[in-house]
Chemist: 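Sharing a structure here in structure tokens format.
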Amino acid sequence: MAKIVILTGAGISVESGIRTFRASDGLWEDHRIEDVATPEGFESDPDLVHQFYNARRAAARAAQPNAAHSALAALEADSTHEVLIITQNVDDLHERAGSTRVVHMHGSLFGALCHACGHRWPAPQTMARTDACPECGAQASRPDIVWFGEMPYRMEEIVRGLEAADLFVSIGTSGNVYPAAGFVQEARAAGIETLELNLEPSAGTRMFTEARHGPATKIVPEWVA
Ligand code: BV8
């Protein structure tokens with residue numbers, strides 16, 4: 001059974017109406033995303049950061065999975081492949097399309113984390129720092145998101161999956177953010193075939209054995225077919 005590891009980024013959710021990071025010049029309400037998506041940004045203005053994530057949680061809830069998400073779910077359901085999706089995205093569109101093996105390496109909009117004790121619980125529609133932690137009671141609630149400078153989640157599982165893969169596919173990512181942007185190099189070093197499916201060539205496009213460019217809802221179903 002072919003083992004396929006698929007990395008997805010913001011580009012796979014664009015046609016579901018969810019904005020990417022760099023299309024908006026990395027700006028959100030006149031704040032650089034790198035400034036609101038950092039622990040320092042949260043320390044200095046937790047209300048602004050919660051406002052940023054509350055808006056994105058509402059947008060993700062309102063969005064629907066698109067044909068690219070559905071094609072990947074169909075690929076997983078087809079028993080001749082073992083599919084592992086590693087997503088940089090914090091929306092839940094892969095799961096809502098039917099994918100079951102999904103690793104959220106940058107966390108999820110639908111998770112809450114206590115900055116004081118590390119307890120995790122399902123995030124309410126809108127969050128505020130003063131929300132009391134169900135475990136320790138501290139008013140130190142943050143979204144369960146991996147910010148710049150923080151260690152992505154489940155990296156050991158990701159590296160094991162990459163090393164065991166027969167094919168590495170990167171979909172809808174600009175290849176700007178590490179360690180995700182480095183996965184293609186790791187796949188090549190392991191002698192694994194690599195494929196890029198993106199609207200336009202990414203920063204690392206030369207690293208891929210093959211690259212196909214176009215909107216995800218067109219080129220992902222075509223590849224899966
Ligand atoms: C870490 C939070 C270490 C949730 C995110 C200098 C060099 C190398 C690395 C660094 C450096 N300085 C700092 C670093 C490390 C840093 C980093 O890589 N910085 C970059 C900016 C240089 N990385 C980190 O900090 C990571 N942690 O390194 O920890 C460590 C070690 C030990 C102990 C502790 C720590 C953590 C990175 C995670 C940051 N959090 N998100 C959220 O708010 O979402 S990253 C955030 O940006 C997203 O999650 C996502 O991953 C990333 C955006 O990337 P994309 O998904 O690719 O989106 P983008 O808009 O860029 O591109 C969209 C693409 O889609 C485009 O290519 C476009 O063409 C395409 N597209 C558009 N429409 C379509 C389409 N494709 C198909 N169809 C369409 N219709």
Side-chain angles (χ1 to χ4, degrees), residues 6-29 31-42 48-57 59-60 63 65-69 71-72 85-94 102-113 123 127 142-156 158-159 169-185 195-205 207-208 211-223:
I6 301 171
L7 172 69
T8 63
I12 200 171
S13 297
V14 167
E15 292 161 271
S16 295
I18 295 184
R19 288 164 59 182
T20 69
F21 292 79
R22 280 150 191 90
S24 52
D25 300 326
L27 280 184
W28 177 79
E29 293 196 348
H31 294 277
R32 284 183 50 70
I33 283 177
E34 280 76 7
D35 297 339
V36 286
T38 61
E40 297 76 18
F42 184 68
L48 174 72
V49 173
H50 272 303
Q51 190 189 337
F52 174 55
Y53 285 100
N54 287 339
R56 291 178 61 206
R57 189 176 302 108
N66 63 49
H69 297 106
L72 296 187
I85 294 177
I86 301 163
T87 188
Q88 302 173 88
N89 298 338
V90 291
D91 62 54
D92 60 349
L93 296 180
H94 282 303
V102 183
V103 176
H104 282 272
M105 66 180 290
H106 291 164
S108 167
L109 288 166
F110 302 103
L113 172 65
M127 282 192 75
R142 60 170 275 184
D144 189 12
I145 294 281
V146 176
W147 284 326
F148 287 97
E150 295 185 322
M151 180 58 105
Y153 290 153
R154 299 169 66 180
M155 282 304 294
E156 283 175 23
I158 288 170
V159 171
V169 186
S170 176
I171 302 175
T173 181
S174 63
N176 281 311
V177 175
Y178 288 81
F183 291 167
V184 60
Q185 282 116 307
L195 169 65
E196 172 173 88
L197 302 176
N198 201 53
L199 186 65
E200 70 229 345
S202 73
T205 197
M207 292 280 180
F208 288 86
R212 300 182 195 176
H213 298 128
T217 54
K218 177 177 181 300
I219 64 175
V220 175
E222 283 172 354
W223 166 66

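Order of listing sets the numbers, starting from 1, for every ligand and every atom in it.
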Chemist: What are the atoms of ligand 1, with element, lying closer than 4.0 Å to any heavy atom of I145?
Modeler: 2 (C), 4 (C)

Chemist: Could you tell me whether the side chains of N66 and S16 share a donor-acceptor contact shorter than 3.5 Å?
Modeler: yes

Chemist: Assign the ring pair F42 / W147 to parallel, tilted or perpendicular, where the plane angle (0 to 90°) is split at 30° and 60°.
Modeler: tilted

Chemist: I'd like to know if M105 contacts ligand 1, where contact means a heavy-atom distance under 4.0 Å to any ligand atom.
Modeler: no

Chemist: Which heavy atom of the protein is the closest neighbour of atom 2 (C) of ligand 1, given with residue, atom name and distance?
Modeler: V146 O, 3.2 Å

Chemist: Would you tell me which option among H104, R22, Q88 has the nearest heavy-atom contact to atom 53 (C) of ligand 1?
Modeler: R22

Chemist: From atom 24 (C) of ligand 1, is the closest protein heavy-atom distance below 4.0 Å?
Modeler: yes

Chemist: May I ask you to identify the nearest protein heavy atom to atom 78 (N) of ligand 1, giving residue, atom name and distance to one decimal place in Å?
Modeler: A216 N, 2.9 Å

Chemist: Show which atoms of ligand 1 fall inside a sub-4.0 Å distance from at least one heavy-atom site of M151.
Modeler: 31 (C), 32 (C), 34 (C), 35 (C)

Chemist: Answer whether the closest heavy-atom distance between the side chains of V90 and H104 falls below 4.5 Å.
Modeler: no

Chemist: Between V14 and ligand 1, find which residue part has any heavy-atom pair under 4.0 Å and reply side chain, backbone, both or neither.
Modeler: side chain

Chemist: Say whether P215 and ligand 1 are in contact under the criterion: heavy-atom distance to a ligand atom below 4.0 Å.
Modeler: yes

Chemist: For a 4.5 angstrom cut-off between non-hydrogen side-chain atoms, does L109 reach Y53?
Modeler: yes

Chemist: Which residue holds the protein heavy atom closest to atom 18 (O) of ligand 1, what is that atom called, and what is the gap in Å?
Modeler: Y178 N, 2.7 Å

Chemist: Does the protein put any heavy atom within less than 4.0 Å of atom 7 (C) of ligand 1?
Modeler: no

Chemist: Among I86, V169, I171, find the one that has a side-chain contact (heavy atoms from CB on, under 4.5 Å) with T8.
Modeler: I171

Chemist: May I ask whether G149 has any heavy atom positioned less than 4.0 angstrom from an atom of ligand 1?
Modeler: yes

Chemist: Numbering the atoms of ligand 1 from 1, which are under 4.0 Å from a heavy atom of W147?
Modeler: 36 (C), 39 (C)

Chemist: Would you say that N198 contacts H213 through its side chain, given a criterion of any heavy-atom pair below 4.5 Å between the two side chains?
Modeler: yes

Chemist: Of E150, E15, M155, H213, which has the heavy atom at the shortest distance from atom 36 (C) of ligand 1?
Modeler: E150

Chemist: What atoms in ligand 1 come closer than 4.0 Å to a heavy atom of N176?
Modeler: 20 (C), 22 (C)

Chemist: Taking the side chain as everything from C-beta on, heavy atoms only, tell me whether D144 gets closer than 4.5 Å to Y153.
Modeler: yes

Chemist: Just need the protein heavy atom nearest to atom 65 (O) of ligand 1, so name the residue and atom and give the distance.
Modeler: G11 CA, 3.2 Å

Chemist: Checking a contact table here: which protein heavy atom is nearest atom 38 (C) of ligand 1, and how many Å away?
Modeler: H106 NE2, 3.3 Å

Chemist: Walk me through it: do E200 and R22 pass the test salt bridge (Lys or Arg N to Asp or Glu O under 4.0 Å)?
Modeler: CA-CA 13 Å; E200 70 229 345; R22 280 150 191 90; over 6 Å; no

Chemist: Do any nitrogen or oxygen atoms of T173 come within less than 3.5 Å of a nitrogen or oxygen of ligand 1?
Modeler: yes

Chemist: In this structure, which one of Q51, R142, H50 forms a side-chain contact (heavy atoms from CB on, under 4.5 Å) with M127?
Modeler: H50

Chemist: So, regarding G9 and ligand 1 (criterion: nitrogen or oxygen to nitrogen or oxygen, under 3.5 Å), is there a contact or not?
Modeler: no

Chemist: If hydrogens are left out, which of Y153, F21, F148 has an atom nearest to atom 21 (C) of ligand 1, that is, the closest non-hydrogen atom?
Modeler: F148

Chemist: Going by the atom numbers of ligand 1, which of them fall below 4.0 Å from some non-hydrogen atom of R56?
Modeler: 42 (C), 43 (O), 44 (O)

Chemist: Starting from atom 68 (C) of ligand 1, what is the nearest protein heavy atom, named by residue and atom, and what distance separates them?
Modeler: E200 OE2, 3.6 Å

Chemist: Of the protein's non-hydrogen atoms, which lies at the shortest distance from atom 64 (C) of ligand 1, and what is that distance?
Modeler: G172 O, 3.6 Å

Chemist: With a 4.5 Å cut-off on side-chain heavy atoms, are H106 and V177 touching?
Modeler: yes

Chemist: Please write down residue, atom name and distance for the protein heavy atom closest to atom 56 (O) of ligand 1.
Modeler: A10 N, 2.8 Å

Chemist: Is atom 12 (N) of ligand 1 touching the protein, meaning some protein heavy atom lies under 4.0 Å away?
Modeler: no

Chemist: May I ask you to check whether D91 and S13 show a side-chain donor-acceptor distance below 3.5 Å?
Modeler: yes

Chemist: Would you indicate whether the side-chain heavy atoms of Q88 and F21 approach each other to under 4.5 Å?
Modeler: no

